[in-house]
Peer 1: 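Have a look at this one.
Numbers here simply count residues along the sequence, with the first being 1.
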Amino acid sequence: PAFLRDFQIVRESLEVQAARLAARHREAEHVRLLNYWMNQRVVMTHQPEPFAMAEFEIHRVVAEASGNPFLRASSAIMEFGVAYGVLSRL
């Protein structure tokens with residue numbers, strides 16, 4: 001569907017920019033949280049709800065680490081994409 005294709009373009013743009021800024025502005029706590037949630041994502045691969053929570057948290061931490069409050073606010077857009085991706089795996 002066109003809606004999901006258009007959404008994916010926006011999501012990818014936001015994620016790339018958030019990651020770029022997070023790489024520059026991250027602090028040790030952000031790195032620790034990313035490592036934790038990435039590990040949780042691996043451990044919870046076959047459990048949709050915990051896996052989605054780990055995905056949400058990864059995107060939230062990256063957006064927070066970016067230092068840009070608008071990217072942090074846009075994390076709801078990324079969460080929609082994560083939810084759609086997890087549902088499509090079921």
Peer 1: Of the options Q47, E55, E49, which is the one that meets F51 in a side chain to side chain contact (heavy atoms under 4.5 Å, CB included)?
Peer 2: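 Among Q47, E55, E49, the one that satisfies the side chain to side chain contact (heavy atoms under 4.5 Å, CB included) with F51 is E55.
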
Peer 1: Side chains of V10 and D6: does their closest heavy-atom pair fall under 4.5 Å?
Peer 2: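 No - every pair of side-chain heavy atoms lies 4.5 Å or more apart.
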
Peer 1: For the residue pair P48 and H46, what are the closest heavy atoms and their distance?
Peer 2: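 Closest approach of P48 to H46, heavy atoms only: CD-O, 3.7 Å.
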
Peer 1: Would you be so kind as to tabulate the donor-acceptor pairs closer than 3.5 Å made by side chains of residues 59-70, with sequence neighbours excluded?
Peer 2:
{"from": "H59", "atom 1": "ND1", "to": "E15", "atom 2": "OE2", "distance (Å)": "3.4"}
{"from": "R60", "atom 1": "NE", "to": "E57", "atom 2": "OE1", "distance (Å)": "2.8"}
{"from": "R60", "atom 1": "NH1", "to": "E64", "atom 2": "OE1", "distance (Å)": "3.0"}
{"from": "R60", "atom 1": "NH2", "to": "E57", "atom 2": "OE1", "distance (Å)": "2.9"}
{"from": "S66", "atom 1": "OG", "to": "A63", "atom 2": "O", "distance (Å)": "2.6"}
{"from": "S66", "atom 1": "OG", "to": "N68", "atom 2": "N", "distance (Å)": "3.1"}
{"from": "N68", "atom 1": "OD1", "to": "F70", "atom 2": "N", "distance (Å)": "2.8"}
{"from": "N68", "atom 1": "OD1", "to": "L71", "atom 2": "N", "distance (Å)": "3.2"}

Peer 1: Could you tell me the separation between the CG atom of N39 and the CG atom of L34, rounded to the nearest 0.5 Å?
Peer 2: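 N39 CG to L34 CG: 12.5 Å, rounded to 0.5 Å.
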
Peer 1: Holding to side-chain contact (heavy atoms from CB on, under 4.5 Å), I want the full list of residues that pass it with E27, two or more places apart in sequence or in another chain.
Peer 2: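 Per chain and number, E27 pairs via side-chain contact (heavy atoms from CB on, under 4.5 Å) with H30.
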
Peer 1: Same cluster or not: V31 versus L21, using hydrophobic residues (I, L, V, M, F, W, Y) connected whenever any side-chain heavy atoms lie under 4.5 Å apart?
Peer 2: no

Peer 1: Who passes ring-ring contact (aromatic ring centres under 6.0 Å, His included) against F80, sequence neighbours left out?
Peer 2: F7

Peer 1: State, to 0.1 Å, how close E79 and F56 come at their nearest heavy-atom pair, and which atoms those are.
Peer 2: O-CE2, 3.3 Å

Peer 1: Any side-chain donor paired with an acceptor under 3.5 Å for Q8 and R5?
Peer 2: no

Peer 1: Give a yes or no on whether R41 atom CZ has more than 12 heavy-atom contacts from other residues, nucleotides or ligands under 6.0 Å away.
Peer 2: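 Yes.
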
Peer 1: If I take atom CD from residue Q40 and atom CG from residue L33, how far apart are they, to the nearest 0.5 angstrom?
Peer 2: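 It is 11.5 Å, given to the nearest 0.5 Å.
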
